[in-house]
Amino acid sequence: MSTSPPVVQKDSSQIRQKEMIAAHFHRLALSPETGENNVYTFVPGNLTELIRAFDLLPVLPEINALQSGMRGKSREYIALAEKAGHSEDVCTYVKCDLGMMKSGNIGPTGERLPDPDLLLLSYTGCFTFLKWFEILQQEYKAPVVMLHVPYQGDGTITPHMRDYVVEQLRDKVIPALEEISGQAYDEAKLKGLLARSRQAEDDLVWVLQSARHRPSPIDAYFGAVYYVGPIFSAFRGTEEAVGYYRALREEVEERMAAGLGPVTPEGQLAEERYRVVVEGPPNWTSFREFWQMFVDEGAVVVASTYTKVGGTYDFGFRHDPEHPLETLADYCLGCYTNLNFPSRIDMLCRYIEEYQADGFLINSVKSCNSFSAGQLLILREVERRTGRPGGFIESDLVDPRYFSPANIKNRLESYFQMLDQKRSGGH
Amino acid sequence: MSTAAPPLSARQQFLRRAEDCYRDYSLQSVQDWKAATGGLAIGYMPIYIPRELLHSQGVLPVGLMGGGDDLEIIRGDAYYQSYICHIPRSTIELGLNGSLDPLDGMLFPAICDVIRNLSGMWKLLFPDKFAMYLDVPQDFHRLRGGRFWRQELEQLASQLTACGARPYDPDALRESLALYNTNRRLVQALYDLRIREPWRVPTSELYPLLRAGMVLPVETFTSWLEEFYQLLLADDTCRPMDQARVLLTGSFCEQPPLGLIRTLERAGCYIVDDDFAIIHRWLQHDIPLEGDPLENLANAFLEDAMASPTRYIDEAVKGAELVQRVQASRAEGVLFCAPSFCDPALLDQPMTVAAIEAAGIPWTAFKYSENTGQFQVIREQAGTFADALKLWSGH
Ligand code: SF4
Ligand code: SF4
């Protein structure tokens, strides 16, 4: 029996991505000395280009929370927040973030995160974000600026929704960023950042769509959460992001040319036995274990909705440097969680068809009403429309109390058995 | 020998009427109204919708607040995981069992993620019915949120017209604003009377009336409010008791069962302010009648609405309004009483608790769901709290 620890396989893009993110956290840690100011904001509806246009550094509390989950810190952080009076019923991201703050705000790389210079409440598709920043505002006494992004209740972006967002950007958000940074708004600079976003977005979409091939060279859920990291967080609009996505694309091109499947934590996936689409966020506290359950079955996720929370690009949206504020508005309005139920269902059905999936799985997250409330209808409706079997599992984002490995494994096994039966013509 | 029950007093008869009205899930009163007027009836989820606008177009706004403890959930549970609050599942149940058939459509105001998702589910489940998500601004500046909200209202008006309602008419809206102004004043008068003499206005009696007011036409509801006020004044049997004055907060969407309200009163609490059926008091003053009525309606939402957890409250005022309400109602303590899994209420609670504590106001907290059947634990908790309040305040 070998006693050496398992070797975690990483492709070079993953290593590069890790280095980029670590460098960003290091820069944040040094910012009290360097005098660089930061802006706390959210992933869905993030205005990274605009923030960067003022040379400000973005901080994403959700990313910190998910990293805390992956590092095994979330249990203790959530307990701290609950001890401080936060209900066991509410979003665990919020509690994890608060617990981290109360424990000294040590970020994922072990360095301290600076307190917010500005809370930019730009959010889409989730009311909890409002509460989250109200809480942070009270805790940090930092200034806050709110960007209200209307919900796509009718499945479309109307001119009046867009105008409303643009007016808020122009009259409220930009002046707040000017004040914090001491810099005037420079539209040419913003346009440059948006042009780079576009380039990176083209490559990201190419990578995500490579999963149409058989075997898929990527895992579009577990693997892709790494891929979307830079573009959904602090890097959109930067040269680093352009370089990263170019390199990632080349890496995936090579894999595809060689007929290879995705790289998993345990190495090359030997055989693609099932192609599935996944709806809902992953579990972070047992991320690897969760992924392994798929790998053990030879299941590859060929498309996922979660990788669209920070921007839905695969149906054609790209940042448009010629209309900087309008394009930022359209970006915010189009994030996955800002889509209504019929649109979410359409998207899943489309993925199942376009990526030739055998079926789809919903990971329902206990503390996230935004994703989860009503997902059973999604299950039913997508099954009805596509004729492909759906599976339903339940866990949580960062609360380890709600990840039951035996139960989830059982459910997944029976789900894959069902796919087998379906293939062999059984019912 | 059979002993006939004593005849009901006028007040008891009135209360029975109110309770029967709001507990009638077949919406008979709505059906009667439709038969008499030929108008449209549009349901809406709790908190706020611009009822004045609907009324001015000849539409009956019908406030839906779940199924309470009367409704057996058979199909609704198949749509929701156990960790989602109760009101969306009972609303779906009512939709699927035909109770909401008298309605010509549904409005889903921006309350929370659950109601937001429910709006799309409704479109899928009831494709032949009108369903609209009504986004309310979280930017309260007249030129930004105000413009957006006005356009939402215009869109609502034209969609209602497309369903068969009268087109928007500013004069009609002005008349409707006046009717609702009167109505709000009467509701407020009852709340004020309850503050002055809570023994005269038990919340367990005021509440059914407020609930009935959500399904009745405003004209009828106004006359019921007047009638109830007169009945209260005429009733000299009510005497003050040694109860603690409490403000109850957190129950702005899914409502507790009436039994829970009664339990709190029996446990020694006078509820002197609350969040029940909050739409009746959402706007706190009259809407001006001069000038552009639609603009006035939009501005009232921006500038005169309650500080609900469903609204964004920016720097430094979180919880301040609750402290003011405690002072205005002369409450001695606060009951945080929220539905289980209610994100807006529960995420707000620690912040408002901080404000309450800073003001030196005692509080306690518990959760419920609309079909909670066991009140023993709540009774004990509320009783202990009421006793403590009485001790502290030197009753
Ligand atoms: S409720 Fe869901 S979408 Fe909203 S902040 Fe929490 S995890 Fe994110
Ligand atoms: S009870 Fe709370 S969480 Fe549930 S629908 Fe109402 S506001 Fe939303």
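Letters go in sequence order (proteins before strands), and every chain restarts at 1.
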A.B. asks: So, does B:Ser90 use its side chain to make a donor-acceptor pair with the main chain of B:Gly67 at under 3.5 Å?
C.D. replies: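 Checking the backbone N and O of B:Gly67 against the side chain of B:Ser90, a donor-acceptor pair under 3.5 Å is found.
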A.B. asks: So for A:Tyr151, is it side chain, backbone, both, or neither that comes closer than 4.5 Å to the heavy atoms of chain B?
C.D. replies: both
A.B. asks: So which of A:Glu88, A:His148, A:His86 has the biggest tally of heavy-atom pairs under 4.5 Å with chain B?
C.D. replies: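 Most heavy-atom pairs under 4.5 Å with chain B: A:His148.
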A.B. asks: Under 4.0 Å between a side-chain nitrogen and a carboxylate oxygen: does that hold for B:Asp348 and A:Lys131?
C.D. replies: yes
A.B. asks: Among B:Ser82, B:Pro344, B:Pro137, which residue has the highest count of heavy-atom pairs closer than 4.5 Å to chain A?
C.D. replies: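 So the answer, after comparing B:Ser82, B:Pro344, B:Pro137, is B:Pro137.
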A.B. asks: Between B:Leu347, B:Val353, B:Thr310, which has the largest tally of heavy atom pairs under 4.5 Å with chain A?
C.D. replies: B:Leu347
A.B. asks: At a 4.5 Å cut-off on heavy atoms, which part of A:Val165 comes close to chain B: side chain, backbone, both, or neither?
C.D. replies: neither
A.B. asks: Please set out all donor-acceptor pairs under 3.5 angstrom arising from side-chain atoms of residues 389-397 of chain A, sequence neighbours excluded.
C.D. replies:
residue	atom	partner	partner atom	Å
A:Glu394	OE2	B:Tyr83	OH	3.2
A:Ser395	OG	A:Asn363	OD1	3.0
A:Ser395	OG	A:Asn363	ND2	3.2
A:Asp396	OD1	A:Ser367	N	3.1
A:Asp396	OD1	A:Ser367	OG	2.8
A:Asp396	OD2	A:Thr92	OG1	2.7
A:Asp396	OD2	A:Val398	N	3.3
A:Asp396	OD2	A:Asp399	N	2.9

A.B. asks: Looking only at heavy atoms and a cut-off of under 4.5 Å, which of A:Glu167, A:His160, A:Lys172 has the most pairs with chain B?
C.D. replies: A:His160
A.B. asks: In terms of heavy-atom proximity below 4.5 Å to chain B, should A:Ser343 be classed as side chain, backbone, both, or neither?
C.D. replies: neither
A.B. asks: Heavy-atom pairs under 4.5 Å with chain A - which of B:Ile84, B:Leu134, B:Asp343 has more of them than the others?
C.D. replies: B:Asp343
A.B. asks: Of the backbone (N, CA, C, O) and the side chain (C-beta and beyond), which part of B:Arg89 lies under 4.5 Å from a heavy atom of chain A, both, or neither?
C.D. replies: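 For B:Arg89, no heavy atom lies under 4.5 Å from chain A.
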A.B. asks: Checking side-chain polar atoms at under 3.5 Å, does A:Tyr40 have a donor or acceptor matched by the opposite partner on A:Asp117?
C.D. replies: no
A.B. asks: Could you tell me whether the side chain of B:Lys123 and the main chain of B:Ala131 form a donor-acceptor pair under 3.5 Å?
C.D. replies: yes
A.B. asks: Is it the side chain or the backbone of A:Leu147 that comes within 4.5 Å of chain B heavy atoms, both, or neither?
C.D. replies: neither
A.B. asks: Using the test side-chain contact (heavy atoms from CB on, under 4.5 Å), find all partners of B:Pro339 that sit at least two apart in sequence or belong to another chain.
C.D. replies: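 Applying side-chain contact (heavy atoms from CB on, under 4.5 Å) to B:Pro339 gives B:Glu254, B:Cys342, B:Tyr368.
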A.B. asks: Quick one: does any side-chain atom of A:Glu62 pair with a main-chain N or O of A:Val43 as donor and acceptor, under 3.5 Å?
C.D. replies: yes
A.B. asks: Among A:Val90, A:Leu130, A:Leu119, A:Asn340, who wins on heavy-atom pairs under 4.5 Å with chain B?
C.D. replies: A:Val90
A.B. asks: Less than 3.5 Å apart, which donor and acceptor atoms pair up between the side chains of residues 107-115 of chain B and the rest of the protein, not counting sequence neighbours?
C.D. replies:
residue	atom	partner	partner atom	Å
B:Asp113	OD1	A:Phe127	N	2.9
B:Asp113	OD1	B:Arg116	NH1	3.3
B:Asp113	OD2	A:Phe127	N	3.4

A.B. asks: Non-hydrogen atoms of chain A under 4.5 Å away: do they reach the side chain of B:Pro88, the backbone, both or neither?
C.D. replies: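 The answer is neither part of B:Pro88.
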A.B. asks: Checking B:Arg144 against chain A: side chain, backbone, both or neither under 4.5 Å from a heavy atom?
C.D. replies: both
A.B. asks: Do side-chain atoms of A:Asn338 reach the backbone of A:Leu333 as a donor and acceptor pair under 3.5 angstrom?
C.D. replies: yes
A.B. asks: Does any backbone or side-chain atom of B:Asp135 lie under 4.5 Å from a heavy atom of chain A? Answer side chain, backbone, both or neither.
C.D. replies: side chain
A.B. asks: Looking at B:Lys129 and B:Asp104, is there a salt bridge between them, counting it only when a charged N and a carboxylate O are closer than 4.0 Å?
C.D. replies: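 Looking at B:Lys129 together with B:Asp104, the answer is no, because their closest N to O distance does not fall below 4.0 Å.
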A.B. asks: Please determine which of B:Thr352, B:Thr364, B:Leu346, B:Leu247 meets the side-chain contact (heavy atoms from CB on, under 4.5 Å) test together with B:Phe336.
C.D. replies: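 Among the candidates, only B:Thr352 passes.
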A.B. asks: Output yes when a side-chain donor or acceptor of A:Lys95 lies under 3.5 Å from a complementary backbone atom of A:Ser87, and no otherwise.
C.D. replies: yes
A.B. asks: Side chain, backbone, both or neither: which part of A:Gln138 has a non-hydrogen atom closer than 4.5 Å to chain B?
C.D. replies: side chain
A.B. asks: Please confirm whether the backbone N or O of B:Ala338 pairs with a side-chain atom of B:Ser251, one donor and one acceptor, at under 3.5 Å?
C.D. replies: no
A.B. asks: Looking only at side-chain N and O atoms, does A:Tyr185 offer a donor or acceptor that is under 3.5 Å from a partner on A:Arg170?
C.D. replies: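 A:Tyr185 and A:Arg170 do not have a side-chain donor-acceptor pair below 3.5 Å.
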A.B. asks: Would you mind checking which part of B:Ala365 comes under 4.5 Å of any heavy atom in chain A, side chain (CB onward), backbone (N, CA, C, O), both or neither?
C.D. replies: neither
A.B. asks: Find the one option among A:Gln168, A:Gln375, A:Lys366, A:Met161 whose heavy-atom pairs under 4.5 Å with chain B are most numerous.
C.D. replies: A:Lys366
A.B. asks: Taking only heavy atoms into account, what residues of residues 149-158 of chain B are found under 4.5 Å from chain A?
C.D. replies: B:Gln151, B:Glu152, B:Gln155
A.B. asks: Is it the side chain or the backbone of B:Leu125 that comes within 4.5 Å of chain A heavy atoms, both, or neither?
C.D. replies: side chain
A.B. asks: Output the option from B:Ile92, B:Val136, B:Asn117 having the highest count of non-hydrogen pairs under 4.5 Å with chain A.
C.D. replies: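 Counting heavy-atom pairs under 4.5 Å, the top option is B:Asn117.
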A.B. asks: Side chain, backbone, both or neither: which part of A:Ile345 has an atom under 4.5 Å from a heavy atom of chain B?
C.D. replies: side chain
A.B. asks: Test side chain to side chain donor-acceptor pair (under 3.5 Å) on B:Glu357 and B:Trp363 and set out the steps.
C.D. replies: CA-CA 8 Å; B:Glu357 283 185 342; B:Trp363 60 276; 2.9 Å; yes
A.B. asks: Test your reading of the model: is there a side-chain donor-acceptor pair from A:Arg350 to the backbone of A:Asp346, 3.5 Å cut-off?
C.D. replies: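 Checking the backbone N and O of A:Asp346 against the side chain of A:Arg350, no donor-acceptor pair under 3.5 Å is found.
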A.B. asks: Is the charged tip of B:Arg311 near the ring of B:Tyr48: under 6.0 Å from the six-membered ring centre and within 45° of its axis?
C.D. replies: no
A.B. asks: Quick check: are there more than 12 heavy atoms from other residues, nucleotides or ligands sitting under 6.0 Å from CD of B:Glu303?
C.D. replies: yes
A.B. asks: Check whether B:Gln138 gets within reach of chain A through its side chain, its backbone, both or neither, counting any heavy atom under 4.5 Å.
C.D. replies: both
A.B. asks: If you count heavy-atom pairs under 4.5 Å between each of B:Ala354, B:Gly120, B:Ser119 and chain A, which one has the most?
C.D. replies: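 Looking at each option in turn, the highest pair count goes to B:Gly120.
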A.B. asks: Mind ranking A:Ile378, A:Val94, A:Asp154, A:Ile135 by heavy-atom pairs under 4.5 Å with chain B and telling me who comes out on top?
C.D. replies: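 Looking at each option in turn, the highest pair count goes to A:Ile135.
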A.B. asks: For B:Leu124, is it the side chain, the backbone, both, or neither that has a heavy atom closer than 4.5 Å to a heavy atom of chain A?
C.D. replies: side chain
